[in-house]
Amino acid sequence: MKAIIDEYNKVNHFGRFLGMHFNILSPGEVEYHLEITESLLATETAAHGGVLAGFMDAILGVAALSVVAEEGKRVATLELKISFLAPALCNDQLSGKGSVIKKGSRIVFSEGSIYNQNGLLIAKGSGTFTAYPAEQKKEG
């Protein structure tokens, strides 16, 4: 599993660009972190929804990845749903929790939540992921 997770970290330029980082708590359970900086704002005070959607995709995707990496597999997003419940404001320290709800041989379903530093629920999401052999390169 470590080699596939390390490879993900190496090639995930988007995550590094946004400043995201994660901890795998156990297979299928992940915690992600993101600080809302001025460069991520869409208004004078609030983060762009696309930033939160990308953050949610990462939360759900790494949860899914953490349950298939031992099998020598990676994941790709098939479907992503997000509900925005409150704005993420400049300087907010966001934490995301993701967990796998159902794992099949090829399909993984995850759910997640994003909270600010005060415990306010910012967004809820779910995603469906396809698992494929790590040696198979997935096209865009």
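Since the structure is predicted, the reported quantities are computational estimates derived from the model, not experimental observations. In this chain, numbering begins with 1 at the start of the sequence shown.
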request  = Output, in order, the C-alpha distance, side-chain angles, deciding distance and verdict of side chain to side chain contact (heavy atoms under 4.5 Å, CB included) for Ser113 and Leu121.
outcome  = CA-CA 7 Å; Ser113 303; Leu121 183 61; 3.9 Å; yes

task = Take Glu135 and Arg74, measure what salt bridge (charged side-chain N to carboxylate O under 4.0 Å, His left out) needs, and give me the verdict at the end.
result = CA-CA 9 Å; Glu135 62 275 359; Arg74 299 179 191 198; over 6 Å; no

task = Kindly indicate, with the supporting measurements, whether the criterion side chain to side chain contact (heavy atoms under 4.5 Å, CB included) is fulfilled by Val108 and Thr128.
result = CA-CA 6 Å; Val108 182; Thr128 307; over 6 Å; no

request  = Quick one: do Leu85 and Lys124 satisfy side chain to side chain contact (heavy atoms under 4.5 Å, CB included)? Show the steps, please.
outcome  = CA-CA 8 Å; Leu85 305 172; Lys124 291 285 289 178; 3.8 Å; yes

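Here the side chain of Gln117 pairs a donor or acceptor atom with the backbone of Gln93 at under 3.5 angstrom. At distances below 3.5 Å, at least one donor-acceptor pair connects side-chain atoms of Asn116 with backbone N or O atoms of Asn118. Checking side-chain atoms of Asp92 against main-chain N and O of Leu89 turns up a donor-acceptor pair under 3.5 Å. Put simply, the side chain of Arg16 gets close to the backbone of Lys10: a donor and an acceptor are under 3.5 Å apart. Thr43 places a side-chain N or O within 3.5 Å of a backbone atom of Thr45 that can act as its donor or acceptor partner. Remark: side-chain polar atoms of Arg106 are not paired, donor with acceptor, to backbone N or O of Ala131 under 3.5 angstrom. The main-chain N or O of Leu60 is found under 3.5 Å from a side-chain atom of Ser110 such that the two form a donor-acceptor pair.
Nearest heavy atoms, Ser66 versus Glu29: OG-N, 4.1 Å. Closest non-hydrogen pair, Ala86 versus Leu120, comes out as CB-CD2, 3.9 Å. When all heavy atoms are compared, the tightest approach of Ile122 to Pro87 is CD1-O, 3.4 Å. Across all their heavy atoms, Ala88 and Leu52 have their closest contact at CB-CD2, 4.0 Å. The two atoms that bring Leu41 and Ala47 nearest to each other are CD2-N, 3.8 Å, heavy atoms only. Closest heavy-atom contact between Met20 and Ala58: CE-CB, 3.9 Å.
In this view, Asn23 satisfies the side chain to side chain donor-acceptor pair (under 3.5 Å) rule with no residue, not counting sequence neighbours. In terms of the side chain to side chain donor-acceptor pair (under 3.5 Å) criterion, Ser26 has no residue partners (sequence neighbours excluded).
A salt bridge links Glu71 with Lys103: at least one charged nitrogen is closer than 4.0 Å to a carboxylate oxygen.
Judged by distance alone, the side chains of Ser99 and Lys97 never bring a donor and an acceptor atom under 3.5 Å apart.
Residues Leu18 and Phe55 fail the side-chain proximity criterion, which asks for heavy atoms closer than 4.5 Å. When side chains are defined from C-beta on, Val75 does not count as touching Thr130, because their heavy atoms never get closer than 4.5 Å. Taking 4.5 Å as the limit, some side-chain heavy atom of Asp57 sits within range of a side-chain heavy atom of Phe129. Side-chain contact check for Leu34 versus Val51: some heavy-atom pair is nearer than 4.5 Å. Side-chain contact between Val62 and Ile24 is present, with at least one heavy-atom pair separated by less than 4.5 Å. Two residues are said to be in side-chain contact when any heavy atoms from C-beta on lie closer than 4.5 Å; Met56 and Leu80 meet this criterion.
The aromatic rings of Tyr32 and Phe22 sit tilted relative to each other, their planes meeting at an angle between 30° and 60°.
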